[in-house]
2 protein chains.
Amino acid sequence: MLERIHLAIVQEVERQGSLTAAADILHVTQSALSHSMKKLEQQLGTHIWLREGRSLRLTQSGQYLLALAERVLPQLDLAEVRLREFARGERGTLRIGMECHPCYQWLLKVVSPYLAAWPDVDVDVKQKFQFGGIGALFGYEIDVLVTPDPLFKPGLRFEPVFDYEQVLVVAKGHPLASAAQVRPRQLAQEVLITYPVEIERLDIYQQFLLPAGITPRRHKTIETTDIMLQMVASGRGVAALPRWLVQEYADKLDVVPVRLGARGIAKQIFLGAREADTAIDYVRAFVALCSQTP
Amino acid sequence: MLERIHLAIVQEVERQGSLTAAADILHVTQSALSHSMKKLEQQLGTHIWLREGRSLRLTQSGQYLLALAERVLPQLDLAEVRLREFARGERGTLRIGMECHPCYQWLLKVVSPYLAAWPDVDVDVKQKFQFGGIGALFGYEIDVLVTPDPLFKPGLRFEPVFDYEQVLVVAKGHPLASAAQVRPRQLAQEVLITYPVEIERLDIYQQFLLPAGITPRRHKTIETTDIMLQMVASGRGVAALPRWLVQEYADKLDVVPVRLGARGIAKQIFLGAREADTAIDYVRAFVALCSQTP
DNA sequence: ATGATGAATGAGCCAAATTCATGGGTGTGT
DNA sequence: ACACACCCATGAATTTGGCTCATTCATCAT
């Protein structure tokens, strides 16, 4: 009924001053415009222009249409541009899922050069998923997933992005601070501070305490890395974190890393994405950037 | 290229959940929709839906289109209605949104001279909005908004239309009736009657009780001003209303206004409209009339 | 398995949009 | 005053593109 072309005609006629000129701009004949508008006028039951001599003057209806056109057409034009940008992978929102609390610090380092390189791509970070990180990937809640637990399933691609050692963090004055390594039973009388996630996902339990049949004296959970380390520094407990993270904080806080067991706990962080999305420039670029960043 | 029908399809598919159902609503075959959208997808170079099994899920492009549709289609629909109204010689309908309960009494005073001055314009008053009054303005649900909370955003214009003092209303025999002013703590044992809106929008809470850390003994809500004042007059509680409103009722009911705090609560009511609509004479006239009416 | 449901596809048709050809009306320059 | 340029309207011819129909393919539930 009232179509985009009608708005375009009204707008262009106003700009050009005549149907004929507008027809040229719109790459159709003057006749086509005349027919189109006549039909619209019949359907609406109102004239859009007053024919005065050989020129047209907008009626009230026409002015209303013109205002509508000026308001709506730019939105449609912009939409076409945007959609083509989406198509070429030049614009979009990269939704990053995090299944690894301390990785947040690492992510920040990657995101800032990424944002600089892709000014038209927005980044969104999500940390809670109804059906787990993998589910969020499959369910298109997120586009990439930062996780220590890759799952090689058809349709997904995981790449290791960095390795680190998970260590125990203790306060500088703590008896274990000068130890070369710590054994499970030495934690039996300690307060262990972790992020609030299931025990199954805490390596210090899975790979260290539980195999030895030990549990800590108490288990506290804290959301944020900063506060967690403050607590450790003040002697309220010990925590398990990546070595690089502890070293970064070592300047500001009196915390010391200690190897967990004789060999230490080696960890690897993976970046997962949907196979299909590797076609999208800005997704591929993010994965590539992460692989390069040590 | 990107036509109205495409937006309608995206919107309707989202509402109905399937192409087939949407096709019924739009009175065409499923095949037609499939062909149309396929063509659009080819022209844009991007998919609009991910075909998952037998259902469709919007891509980023699709979500963008959906947002565009929700924004643009109502405007086109409204335009058709308006233009037909113009065609019939009617001027149209001025849809007034109210976000301020007691203003209704004031509105009546403005509307009657307006109706007299604009016999071809109908007036419609709406009080419920899904996304708030501002949202209703942007979404073309209403044409003007009466509100105590203006929001100076591009595309909207707000003008103050009248000032008043918010006062406490008590029954004539009430202990506070003869007080020059009331303090927050004096309401601690009172029953407070308000309109049923969120506490954030009740000035007596925001500007009077909460800063003093006081809550009334009980809080009742009543929809209508008349009944509210009947309740106050019969000693069932106290309420906060505009002074002019209380004075109007003072003849019929035994209610007395009392200043809230030493300085009183000053309020200002604004009339908001879309910038683009200032071109419409009967909208402009309404705003002008409101500004003049004290 | 089997039927039901929903989307995709290709062929063919038809309506609607466009063009073509033309005429009427209005300013303008000589 | 007359010819000419310019602009819009109109009817008929033509072409395009959108729609339907018929069918296939895939998925899901029984």
Side-chain angles (χ1 to χ4, degrees), chain A residues 1-59 61-62 65-66 69 73 76 80 138-140 153-155 276, chain B residues 1-59 61-62 65-66 69 76 80:
Chain A
M1 173 58 149
L2 178 57
E3 297 297 330
R4 184 175 182 175
I5 185 66
H6 297 124
L7 298 181
I9 293 173
V10 170
Q11 187 181 55
E12 207 55 49
V13 166
E14 201 59 18
R15 286 185 184 162
Q16 303 299 324
S18 81
L19 261 191
T20 311
D24 286 346
I25 302 276
L26 298 172
H27 302 109
V28 285
T29 60
Q30 168 269 131
S31 177
L33 298 202
S34 185
H35 281 300
S36 297
M37 296 312 288
K38 174 167 186 127
K39 186 176 176 192
L40 180 66
E41 286 181 330
Q42 282 171 349
Q43 287 176 329
L44 293 173
T46 176
H47 282 282
I48 291 166
W49 290 292
L50 293 172
R51 277 68 175 176
E52 292 191 333
R54 57 178 169 184
S55 68
L56 304 172
R57 212 186 60 227
L58 287 174
T59 61
S61 300
L65 274 184
L66 178 62
L73 289 180
L76 297 179
E80 288 183 357
F138 272 119
Y140 283 81
K153 276 200 175 185
Chain B
M1 173 58 146
L2 178 58
E3 296 298 328
R4 184 175 182 176
I5 186 66
H6 297 123
L7 298 181
I9 293 173
V10 170
Q11 187 181 54
E12 207 55 52
V13 166
E14 201 59 17
R15 288 186 183 161
Q16 302 299 324
S18 81
L19 263 192
T20 311
D24 285 347
I25 301 276
L26 298 173
H27 302 108
V28 285
T29 59
Q30 170 269 129
S31 177
L33 298 202
S34 186
H35 281 301
S36 296
M37 296 312 287
K38 173 163 189 131
K39 187 176 175 193
L40 180 66
E41 287 180 329
Q42 282 171 348
Q43 287 176 330
L44 293 173
T46 177
H47 282 282
I48 291 164
W49 291 292
L50 291 172
R51 276 69 174 175
E52 292 193 331
R54 54 179 168 184
S55 66
L56 305 171
R57 162 194 260 111
L58 287 174
T59 60
S61 301
L65 274 185
L66 178 62
L76 297 179
E80 288 182 357

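Each chain gets a letter, A, B and so on, in the order its sequence line appears, and its residues count up from 1.
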Using a 4.0 Å cut-off on heavy atoms, which residues in residues 8-15 of chain B reach DNA chain C? List them by number, or say none.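 When residues 8-15 of chain B is checked for heavy atoms under 4.0 Å from DNA chain C, there are no hits whatsoever.
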Could you check which residues of residues 44-51 of chain A get a heavy atom under 4.0 Å from DNA chain C? Sort them by number, please. none
Those residues at least two apart in sequence (or on a different chain) that pass side chain to side chain contact (heavy atoms under 4.5 Å, CB included) with B:Arg51 are B:Glu41, B:His47, B:Trp49, B:Leu56
Quick one: [X] [atom1] to [N] [atom2], roughly how many Å, whole number?
| X | N | atom1 | atom2 | result |
| --- | --- | --- | --- | --- |
| B:Leu19 | C:dT9 | CG | P | 12 Å |
| A:Gln43 | C:dA17 | CD | P | 8 Å |
| A:Lys38 | C:dA16 | NZ | P | 17 Å |
| A:Leu56 | C:dT26 | CG | C1' | 13 Å |
| B:Arg57 | C:dG6 | CZ | P | 18 Å |
| B:Glu3 | D:dT16 | CD | P | 18 Å |

Partners meeting salt bridge (charged side-chain N to carboxylate O under 4.0 Å, His left out) with A:Glu80 (sequence neighbours left out): A:Arg4
Please report the interatomic distance CG(A:Leu65) to CG(A:Leu58), rounded to the nearest 0.5 Å. 8.5 Å
Any chance you could measure B:Met1, atom CE, to B:Gln43, atom CD, to the nearest 0.5 Å? 4.5 Å
Results of side chain to side chain donor-acceptor pair (under 3.5 Å) for A:Thr46 - residues two or more places apart only: A:Ser61
Tell me the closest heavy-atom pair linking B:Leu50 and B:Thr59, and the distance in Å.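 Minimum heavy-atom separation between B:Leu50 and B:Thr59: CG-CG2, 3.7 Å.
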Can you pull every protein N or O that's under 3.5 Å from an N or O on nucleotides 22-28 of chain D?
| residue | atom | partner | partner atom | Å |
| --- | --- | --- | --- | --- |
| D:dC28 | O4' | B:Arg54 | NH2 | 3.3 |

Provide a list of protein-nucleic acid N or O atom pairs under 3.5 angstrom, restricted to nucleotides 17-19 of chain D.
| residue | atom | partner | partner atom | Å |
| --- | --- | --- | --- | --- |
| D:dG18 | OP2 | B:Lys39 | NZ | 3.1 |

Can you give each donor-acceptor pair under 3.5 Å made by side-chain atoms of residues 30-38 of chain B, sequence neighbours left out, with the distance rounded to 0.1 Å?
| residue | atom | partner | partner atom | Å |
| --- | --- | --- | --- | --- |
| B:Ser36 | OG | B:Ala32 | O | 3.0 |

Flag side-chain contact, heavy atom, 4.5 Å: A:Leu66 against A:Leu7: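 No. Closest side-chain heavy atoms not under 4.5 Å.
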For residues 5-15 of chain A, which residue pairs qualify under side chain to side chain donor-acceptor pair (under 3.5 Å), counting only residues two or more places apart or in two chains?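 As it turns out, the side chain to side chain donor-acceptor pair (under 3.5 Å) pairs with a partner in residues 5-15 of chain A, which skip direct neighbours, are A:Gln11-A:Glu70, A:Glu12-A:Gln16.
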Please work out if A:Ser34 contacts a base, only the sugar-phosphate, or nothing of the nucleic acid, heavy-atom cut-off 4.0 Å.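 Base, at least one base heavy atom under 4.0 Å.
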